[in-house]
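The structure presented is a predicted model; accordingly, all values stated were derived computationally and were not measured. Atom set for the values below is all heavy atoms of this structure, side chains included, hydrogens, waters and symmetry mates excluded.
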Amino acid sequence: QVQLVESGGGLVQAGGSLSLSCVASGRSIGSYIMGWFRQAPGKEREFLSAITWSGHRTYYVDSVKGRFTISRDNAKNTLYLQMSSLKPEDTAVYYCAADLPRDTWPPRSYDYWGQGTQVTVSS
């Protein structure tokens with residue numbers, strides 16, 4: 001299996017940008033579909049984005065489309081989430097996740113999870 005560790009969270013003003021990273025160990029992320037989720041206080045975990053093994057196919061939910069960019073560097077065993085035009089509503093703990101390829105796209109259920117990194121957007 002794969003172990004995932006997120007980093008890059010912090011405090012940013014509304015309208016600003018922030019980049020998150022997720023470093024994998026145990027197995028290469030090249031074997032997995034990768035995704036990003038977030039969980040805001042008092043809310044359930046929300047699926048945000050997914051990327052295929054090649055990085056050529058991506059998916060974004062409407063709330064982040066055009067503002068967030070998912071990417072991966074399989075050689076570095078790292079997943080990224082570039083966030084821009086941040087809003088206070090984006091405040092949440094952000095999680096990366098990994099899953100073996102499935103028949104459906106995008107997958108919304110994942111087998112492996114990181115511990116999360118806090119993103120706080122001030123108004």
Student: Going only through I, L, V, M, F, W and Y residues with side-chain contacts under 4.5 Å, is there a path from F47 to V64?
Tutor: yes
Student: First locate atom OG of S84, then atom CG of L18, and finally report the distance between them rounded to the nearest 0.5 Å.
Tutor: 11.0 Å
Student: Decide yes or no on side-chain contact (heavy atoms from CB on, under 4.5 Å) for F68 and L86, but give the supporting numbers first.
Tutor: CA-CA 9 Å; F68 290 12; L86 285 164; 3.9 Å; yes
Student: What's the spacing between I33 CD1 and D99 CG if we round to 0.5 Å?
Tutor: 8.0 Å
Student: When hydrophobic residues are tied together by side-chain contacts of less than 4.5 Å, even through go-betweens, does V121 share a cluster with Y60?
Tutor: yes
Student: Could you tell me whether D62 and K65 have a side-chain N and a carboxylate O separated by less than 4.0 Å?
Tutor: yes
Student: Establish whether Y80 and V61 are linked, either directly or via other cluster members, by ILVMFWY side-chain heavy-atom contacts under 4.5 Å.
Tutor: no
Student: May I ask whether M34 and F37 are part of the same hydrophobic cluster, defined by side-chain heavy atoms of I, L, V, M, F, W, Y residues being less than 4.5 angstrom apart, directly or through others?
Tutor: yes
Student: Sorted by first residue and then second, give each disulfide (SG to SG under 2.5 Å) pair with at least one member in residues 20-111; sequence neighbours left out.
Tutor: C22-C96
Student: Output, in order, the C-alpha distance, side-chain angles, deciding distance and verdict of side-chain contact (heavy atoms from CB on, under 4.5 Å) for L20 and M83.
Tutor: CA-CA 8 Å; L20 307 181; M83 305 181 292; 3.8 Å; yes
Student: Return the minimal non-hydrogen interatomic distance between K76 and T78, and the atom names on each side.
Tutor: O-OG1, 2.8 Å
Student: Identify the heavy atoms of A14 and S123 that sit nearest to each other, and give their distance.
Tutor: CB-CA, 4.3 Å
Student: Start with the C-alpha distance between W36 and L79, add both sets of side-chain angles, then the distance that settles side-chain contact (heavy atoms from CB on, under 4.5 Å), and finish with yes or no.
Tutor: CA-CA 9 Å; W36 284 100; L79 175 74; 3.3 Å; yes
Student: Ignoring hydrogens, what is the shortest heavy-atom contact between I70 and S49? Give both atom names and the distance.
Tutor: CG2-OG, 3.2 Å
Student: Between the side chain of R57 and the main-chain N/O of T52, is any donor-acceptor distance below 3.5 Å?
Tutor: no
Student: Out of the candidates T117, T91, D90, only one should pair with R38 under the side chain to side chain donor-acceptor pair (under 3.5 Å) rule; please name it.
Tutor: D90
Student: Pairs of donor and acceptor atoms involving the side chains of residues 104-116, under 3.5 Å and at least two apart or interchain, shall be tabulated with distances.
Tutor:
{"residue": "R108", "atom": "NH2", "partner": "Y59", "partner atom": "OH", "Å": "3.2"}
{"residue": "Y110", "atom": "OH", "partner": "P107", "partner atom": "O", "Å": "2.8"}
{"residue": "W113", "atom": "NE1", "partner": "Y110", "partner atom": "O", "Å": "3.1"}

Student: Evaluate S63 against E46 for side-chain contact (heavy atoms from CB on, under 4.5 Å), listing each step before the verdict.
Tutor: CA-CA 11 Å; S63 61; E46 175 189 13; 3.6 Å; yes
Student: Judged by atom type as modelled, is there a donor-acceptor pair below 3.5 Å linking the side chain of N77 to the main-chain atoms of A24?
Tutor: yes
Student: Show every side chain to side chain donor-acceptor pair (under 3.5 Å) that has at least one partner inside residues 6-24, sequence neighbours left out.
Tutor: S19-Q82
Student: With clusters defined by side-chain heavy atoms of hydrophobic residues (ILVMFWY) lying less than 4.5 Å apart, directly or transitively, does L11 cluster with V93?
Tutor: no
